[in-house]
Protein chains: 2
Amino acid sequence: MVGGARPRKQPTIKEVAQHAGVSPMTVSRTLAGGANVRPDLQEKVLSAVRELGYHRNENARSLRPGQASGLIGVAITNLGNPYYGNFALGVEEVAAETGRRIVLGNTGGDPARERQLVADFLGRQVEGLVLVPSGGSSDHLRPERLGDVPLVLASRRIYGLDVDVVLLDDVGGAYRGTLALLDAGHTRIGYLGNVSSEFTGARRYEGYLRALAERGIEPDSDLILREHAIGSAGEATGRLLDLEDPPTAIFSANNRNSIGALREIGRRLRSGARPDEMPALVSFDDFELAELMPVPVTVVDHDPRQLGREAAKLLLSRLGNGERHQGSARLVEMPVKLAPAPSP
Amino acid sequence: MVGGARPRKQPTIKEVAQHAGVSPMTVSRTLAGGANVRPDLQEKVLSAVRELGYHRNENARSLRPGQASGLIGVAITNLGNPYYGNFALGVEEVAAETGRRIVLGNTGGDPARERQLVADFLGRQVEGLVLVPSGGSSDHLRPERLGDVPLVLASRRIYGLDVDVVLLDDVGGAYRGTLALLDAGHTRIGYLGNVSSEFTGARRYEGYLRALAERGIEPDSDLILREHAIGSAGEATGRLLDLEDPPTAIFSANNRNSIGALREIGRRLRSGARPDEMPALVSFDDFELAELMPVPVTVVDHDPRQLGREAAKLLLSRLGNGERHQGSARLVEMPVKLAPAPSP
DNA sequence: GGATGTCTTGGTAACGTTACCATAGCGAGC
DNA sequence: GCTCGCTATGGTAACGTTACCAAGACATCC
């Protein structure tokens, strides 16, 4: 085993041709399906391919005019977050169904990094871009910069940019989640807001307000914590619970906030607080084992993978055939659903 | 806005050259750093680049001999799982630090899909491969198939394949987790096994057995459920709890099993079971809010992102400079740690 | 048998880029 | 003034691939 054959560089079509005793064109034709190539030659070619471990050089292939690269550029803010992981998975699946691959970049929410990634993707001749925007300037996404490469935005839209967008039904989900608390008899409902994404944060807040308004309840600014300055969701929850007239329920606009809130609630219960003093919780974003929590938790559930699939489908429809699909920008809102909540 | 400029195809270096009134070579040199190009021409070139929105065609660039593609192929089993999402993030980060990008494919654990992805990656001239193997034949990973493209395996190793591997310290983690239960006075410790990955499953089982052996406890086959035939972790937990002499603690070999076990425990508590009748749990794989669970949960915590970073570093070290790093295969085991456990 | 058509094969050029070579300009040194 | 050396610029070829064209082989049909 030791000192075995040196790794060889990838063989070219020329070498395969030589090995099979035919011209490169015959190899090319065979690999393209074998039309108008004698079966015996095809076999010779295919066994040469197997023997040498040959793979067509896709980069060289995509160089030829009219040949697409088969790459989709995907830039998301945090791959480690299961939400975006599933989103990327959805994009990957749909891309794979058409034989395409994704080049993936993590922006970490940094606009500079996003610009860099987009430039790199364009250099790699991606056929399209799927992007979870990081905020900041959107100059690098203007049509004259992207040329003929279509773009789909996800989770967040950029005003003034006329491109396809996929979003969750943030407003509807927050509305229905809040309404569920109101229907259960709660009238003092805290709002735990969104630091990470102002756009979805604003939309979810809108849903919360709409539900309150519908029941004629005036929003109480003491109960609404959506500032960036808040140290953590746990701390914010503590502030809500320490109010003179604390909320009996909390609407939490995202996963991170929900986890923080539950941690704080857990701390207080361990310190001797009575369970019926603790608020019920509605969480935008699902999380596991919600049913085992010490307070009733309702989740606004959604499917980020489906969101990714939808984004990819929008993108692919813009690639279509030769002539670009020229329809105007579309906005897709994916439905969310309330998971059955234990009564408060 | 409507009927605005048609999207143009990506400009070429030739068009930039024409626009700037120089030759393509001067453009190329300018973009390569500008050595031996008059400053005034450089400026002309750069403004033509900006004006046309030009990006170098990396595919064409990588066609030239000696030029690397800057792509790393990454194939994982399930991007939606935060474990693999974070793993991929780690690989992406390290790749990005050297200006490389990752092409990502999801195998879904399907060996055929894995073969297909690897072939595609090779066709795209990736500089290296990072793979979470799906099992099945490994013919497509033999050195003569990969040529000069280095491979790093993660989470699972393939015997007979002499390549770099990164693993968690599965044995040690399971050993220490089980030992913690023994130290807390448990003697009947159930084992909830791994369906998804036989390799890590076997290693974790080994750690469990080692801990028992060290304390002179004979493993009881009634307490050990690691068959594929088990319907679900919840059902398996039910079987353990329904034993005449049920375990007072359970070691669960992965996240999925832990969640299933906790769901079953939750069901029984809601049906009136007494909390002190329920087993303590040690879970290999962290999960959020473990501290809020109705039974004491200790987790064997680890950092999949770091695992990904390590995998990428091993890979990059094989790329090094011109001549391939020829050292023999390395095996890296990433440390895990026990999260502080509430006493049982 | 000759014209016509179909099938098979190979040569050539081009995709976008840059290493290499050639050339021109210019200042320094004798 | 002539060479030498250096800088700046451009032309050419090649990377691996395949569309297109040309040409040969062979069968078909009148």
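Throughout, protein chains are lettered first and strands after them, A, B, ... in sequence-line order, and every chain is numbered starting at 1. Bear in mind that the values here come from a model prediction, so they are computed numbers and not experimental data.
Remark: B/Glu93 engages B/Arg305, B/Arg309 in a side-chain hydrogen bond (donor to acceptor under 3.5 Å, both in side chains) (not counting sequence neighbours). Under the rule for a salt bridge (Lys or Arg N to Asp or Glu O under 4.0 Å), A/Arg145 has no partner lying at least two apart in sequence or in another chain. For the ring-ring contact (aromatic ring centres under 6.0 Å, His included) test, no residue two or more places apart in sequence or in another chain qualifies with A/Tyr54. For A/Glu15, the side chain to side chain contact (heavy atoms under 4.5 Å, CB included) test picks out A/Lys9, A/Pro11, A/Thr12, with sequence neighbours left out. Looking at residues two or more places apart in sequence or on another chain, you find no side-chain hydrogen bond (donor to acceptor under 3.5 Å, both in side chains) involving B/Ser137.
Residue A/Arg64 is classed as a base contact, given a heavy-atom separation below 4.0 Å to a base. Nucleic acid contact class of A/Asn36 (heavy atoms, under 4.0 Å, all strands): base. Base engagement by A/Arg29 is indicated by at least one non-hydrogen atom pair under 4.0 Å involving a base atom.
In terms of position on DNA chain C, the residue among B/Arg56 and A/Ala60 whose nearest nucleotide sits closer to the 5' end is A/Ala60. The residue among B/Met25 and A/Gln67 whose nearest nucleotide of DNA chain D lies closer to the 5′ end is B/Met25.
Taking every nucleotide of DNA chain D with any atom under 4.0 Å from a non-hydrogen atom of chain A, the first and last of them, 5' to 3', are D/dG16 to D/dC20.
Contact check on B/Lys44 versus B/Asp40 returns no salt bridge, with no Lys/Arg side-chain nitrogen under 4.0 Å from an Asp/Glu carboxylate oxygen.
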